[in-house]
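Below is one structure, written out as structure tokens; comments come after it.
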Amino acid sequence: SKVNSQPTILFLQIRTTEMSGASVTYSSTRGDASQANLSFREVVMRGLAHDKGLFVPDVMPSVTLEEIESWRSLSYADMSIKVISKFVKEDQVPSDVLADIIKRSCKSFRHEDVTPLKEVGGHYVLELFHGPTFAFKDVALQMLGNFFEYFLSTGSNGGRLAVLGATSGDTGSAAIYGLRGKKGIDCVILYPTGRVSEIQERQMTTVPDANIHCVSIDGTFDDCQDLVKASFRDEKFRDEVKLGAVNSINWCRVLAQTTYYFWTYLRATDDKKKEDNDDVTKISCSVPTGNFGDVLAGYYSKKMGLPLDKLVVATNENDILHRFFSEGEYHMYDINKTISPSMDICKSSNFERYLYHLGGDDPVTLANWMSAFESTGKLTLTGSMLKKAKQDFMSARADTSMTLSIIKDYYEKYGYMLCPHSAVGVSAIHQLDLVSSTTVCLATAHDAKFPDACKRAVDPLPKPPPQLASLWSMKTRSSNCPNDLKVVQSFVKKRVAERIAGEQKKDATREDTMKKAAAFMIGASVIACAAIVTRSLLMRKR
């Protein structure tokens, strides 16, 4: 399906505006009127739009350079409050509650900077792996879990939510750690059998909380993701279980990830500000990319006004995005199993959001493109459309040998370990000649999560963090399902019913205990009163 650019097509950039009192609203990329102008609360709880589209902001808040500079001395949490409150105002989440949600989310990280920036090999590395599961997705999923908790406690969904997510490795454990033990929430995570690292699987399956359910699927990540999307399209099922999303189809994920782009800019330009240099320095970011959500957050940050120069889409052998940005060909091929499994994706969910903006924020254009892709597995853009895409993103591809070479070189030369995904991003800047003090590579996971891959480049490996080493001695718990929608939906319904029955039993037990306690108190009060009366009568007789 080839789409030729016409000269009459008007390219519209995302509208920016100063939001004062009202929160940003959101509409679906597919344009259904019932999915337009929805609130932040609604899109977070809904996840995927009911017309198969993804929610995008109706307007894009703007930030000035003066504002950004005023955030330079703030902590990561306080800076994040500034960024997110550009979208979320008092009409959605009271400011004190928003601050609490963000600060509690950041406290779960092991480093005081949350996402520290380090200089390595003539460029910067943004370490996004200091959260509970040692992966970048902790930044967003700690916040999403806390937003879910607040919205459920204040009336959404009748206090119930069944989260169904798909993972290629990192989303699953990050979602589980963000949702474990939260009242009213069931979390079911689908992952492809044999296509995540052992550590990634153990991070998910060793969590004992009763509301967590890990399910291996006989298929690929794309199969898992298709099961999730199909479930959202099933209105009866969706409404029955109160379905919610943790994958980056949920707008909250992308919004939360914009915060570390602002943090990166501020930390990468600290030295220039100390030199009293008033010139505006732009930074470039190289992002290991699978589902396109991480790099999309950078795209939105740039649209808000953050001084970003180049955004690099770095892929492994599953290079559908690299082929698009270099040749205009978004063509599906079979998925290759690689040493960077979280990027083994051939249908990037968040890419639809970018295509919507590339097509001038026009849902009709987007719907035509997606219809062509969904029916043929191919979408080709040429001419001015491709030129505009290349202006928005650069791209590069690193295969297994290139990835291992980068891991080996950086450890030998700089004593710095990269995970296979992060190494893909570093390889990209070497290929594109972007190594400089204004380039940042996003390190998306800790190397110890991928020991088998890293050992092919570095042997012996550095000692892993104790939190990961301890996983090998812990009990695991998981289920297996075929790649069958009805089977998966039956599993979810059964687990939701079990949780509701369990909560009802607890509530009944609690009520019975309270009744017994009340009866005891009444009985004790009666006995005490009788004793007082008896004593009074005896006193009178005397």
For V125 and V440, run side-chain contact (heavy atoms from CB on, under 4.5 Å): C-alpha distance rounded to whole Å, both residues' side-chain angles, the deciding distance at 0.1 Å, then the answer. CA-CA 5 Å; V125 173; V440 180; over 6 Å; no
Assess the residue pair T289 and H322 against the criterion (side chain to side chain donor-acceptor pair (under 3.5 Å)); give the C-alpha distance rounded to whole Å, side-chain angles, the decisive distance to 0.1 Å, and a yes or no. CA-CA 10 Å; T289 305; H322 171 57; over 6 Å; no
Begin from the C-alpha positions of V215 and V488 and carry the test side-chain contact (heavy atoms from CB on, under 4.5 Å) through to its verdict. CA-CA 9 Å; V215 184; V488 170; 5.7 Å; no
Mind running side-chain contact (heavy atoms from CB on, under 4.5 Å) on I429 and C441 for me, showing each step along the way? CA-CA 8 Å; I429 68 168; C441 293; 3.4 Å; yes
Please report the C-alpha distance between L358 and K388 in whole Å, then the side-chain angles of each, then the deciding distance to 0.1 Å, and finally whether the side-chain contact (heavy atoms from CB on, under 4.5 Å) criterion is met. CA-CA 8 Å; L358 181 63; K388 177 65 169 61; 3.6 Å; yes
If you apply the rule ring pair (Phe, Tyr, Trp, His ring centres under 6.0 Å), what do you find for F393 with Y299, and how did you get there? CA-CA 9 Å; F393 295 96; Y299 173 80; 5.7 Å; yes
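Of all heavy-atom pairs spanning T115 and W263, the tightest one is O-NE1, 3.1 Å. Nearest heavy atoms, T29 versus Y356: O-CD1, 3.6 Å. Listed here is the closest heavy atom pair of L321 and S348: CD1-OG, 3.5 Å. Residues C224 and Y191 come closest through the heavy atom pair SG-C, 3.7 Å. Shortest non-hydrogen contact noted between A423 and I407 is CB-CG1, 3.6 Å. Here the closest non-hydrogen pair linking Y261 and V287 is OH-CG2, 3.4 Å.
The main-chain N or O of D392 is never found under 3.5 Å from a side-chain atom of K302 such that the two would form a donor-acceptor pair. The backbone N or O of T400 sits less than 3.5 Å from a side-chain atom of E317, completing a donor-acceptor pair. No donor-acceptor pair under 3.5 Å is formed between the side chain of E352 and the backbone N or O of M370. Side chain of K378 to backbone of E329: no donor-acceptor contact under 3.5 angstrom is found. Using modelled atom types, no side-chain atom of T281 and backbone atom of T269 make a donor-acceptor pair closer than 3.5 Å. With hydrogens and angles ignored, the 3.5 Å screen pairs a side-chain donor or acceptor of N480 with a backbone N or O of S216. Between the side chain of N316 and the backbone N or O of D399 there is no donor-acceptor pair closer than 3.5 Å. Side-chain atoms of N247 do not come within 3.5 Å of backbone N or O of I249 as any donor-acceptor pair. In this structure a side-chain-to-backbone donor-acceptor pair under 3.5 Å is missing from T259 to S80. In terms of modelled atom types and a separation under 3.5 Å, the side chain of D344 and the main chain of T338 share a donor-acceptor contact.
A heavy-atom distance below 4.5 Å is found between the side chains of L461 and M417. Looking at E42 and F55, their side chains never come closer than 4.5 Å, going by heavy atoms from C-beta outward. You'll find the side chain of R323 stays beyond 4.5 Å of the side chain of T315, heavy atoms only. Inter-residue side-chain proximity for F237 and V492 is flagged as met; some heavy-atom pair is nearer than 4.5 Å. The closest side-chain heavy-atom distance from S168 to S342 is below 4.5 Å. In this structure, the side chains of V24 and P61 come closer than 4.5 Å at one or more pairs of heavy atoms. Counting only heavy atoms from C-beta outward, the side chains of I320 and Y330 approach each other to under 4.5 Å. Residues D447 and L418 fail the side-chain proximity criterion, which asks for heavy atoms closer than 4.5 Å.
Applying the ring pair (Phe, Tyr, Trp, His ring centres under 6.0 Å) test between Y300 and each of Y354, W251, F292 identifies W251 as the sole match. Across H421, K137, Q200, Q203, a single residue satisfies side-chain hydrogen bond (donor to acceptor under 3.5 Å, both in side chains) together with D170, and that is Q200.
More than 12 heavy atoms of other shown residues, nucleotides or ligands fall within 6.0 angstrom of atom CG in N37. Surrounding NZ of K229 are more than 12 heavy atoms belonging to other residues, nucleotides or ligands, all under 6.0 Å away. When the shell of 6.0 Å around CD of E327 is examined, it contains more than 12 heavy atoms from other residues, nucleotides or ligands.
At a cut-off of 3.5 Å, with distance as the only test, no side-chain donor of N250 or R253 sits close to an acceptor on the other residue. Judged purely by distance below 3.5 Å, without hydrogens or angles, the side chains of S371 and N368 never pair a donor atom with an acceptor atom. Side-chain contact of H50 with S28: a donor-acceptor pair under 3.5 Å is absent, judged by distance alone.
Note on ring orientation: taking the six-membered ring where Trp is involved, the planes of F129 and H446 are perpendicular (angle over 60°, cut-offs 30° and 60°). Ring planes of H123 and Y410: tilted class, angle from 30 to 60°. Between H213 and F491, the ring-plane angle classifies as perpendicular under the 30° and 60° cut-offs.
Considering CG of D218 and CG of D223, their distance stands at 9.5 Å, rounded to 0.5 Å. Once rounded to the nearest 0.5 Å, the distance linking CG of D58 with OG1 of T25 reads 3.5 Å. Taking CG from L355 and CG from D362, the interatomic distance works out to 12.5 Å, rounded to the nearest 0.5 Å. Rounding to the nearest 0.5 angstrom, the gap separating the CZ atom in F134 from the CG atom in L468 is 4.5 Å. Here the CG atom belonging to D452 is positioned 8.0 Å from the OG atom belonging to S197, to the nearest 0.5 angstrom. Put simply, CG on L308 and OH on Y265 are 9.0 Å apart, with the number rounded to the nearest 0.5 Å.
Listed by chain and residue number, nothing satisfies the side-chain hydrogen bond (donor to acceptor under 3.5 Å, both in side chains) test with D409 (two or more places apart in sequence, or in another chain).
Ion pairing of R30 with E374 is present here, as a side-chain N (NZ or NE/NH1/NH2) and a carboxylate O approach within less than 4.0 Å. Taking a cutoff of 4.0 Å between a charged side-chain nitrogen and a carboxylate oxygen, K408 and E412 qualify as a salt bridge.
The distance between the ring centers of F147 and F40 falls below 6.0 angstrom.
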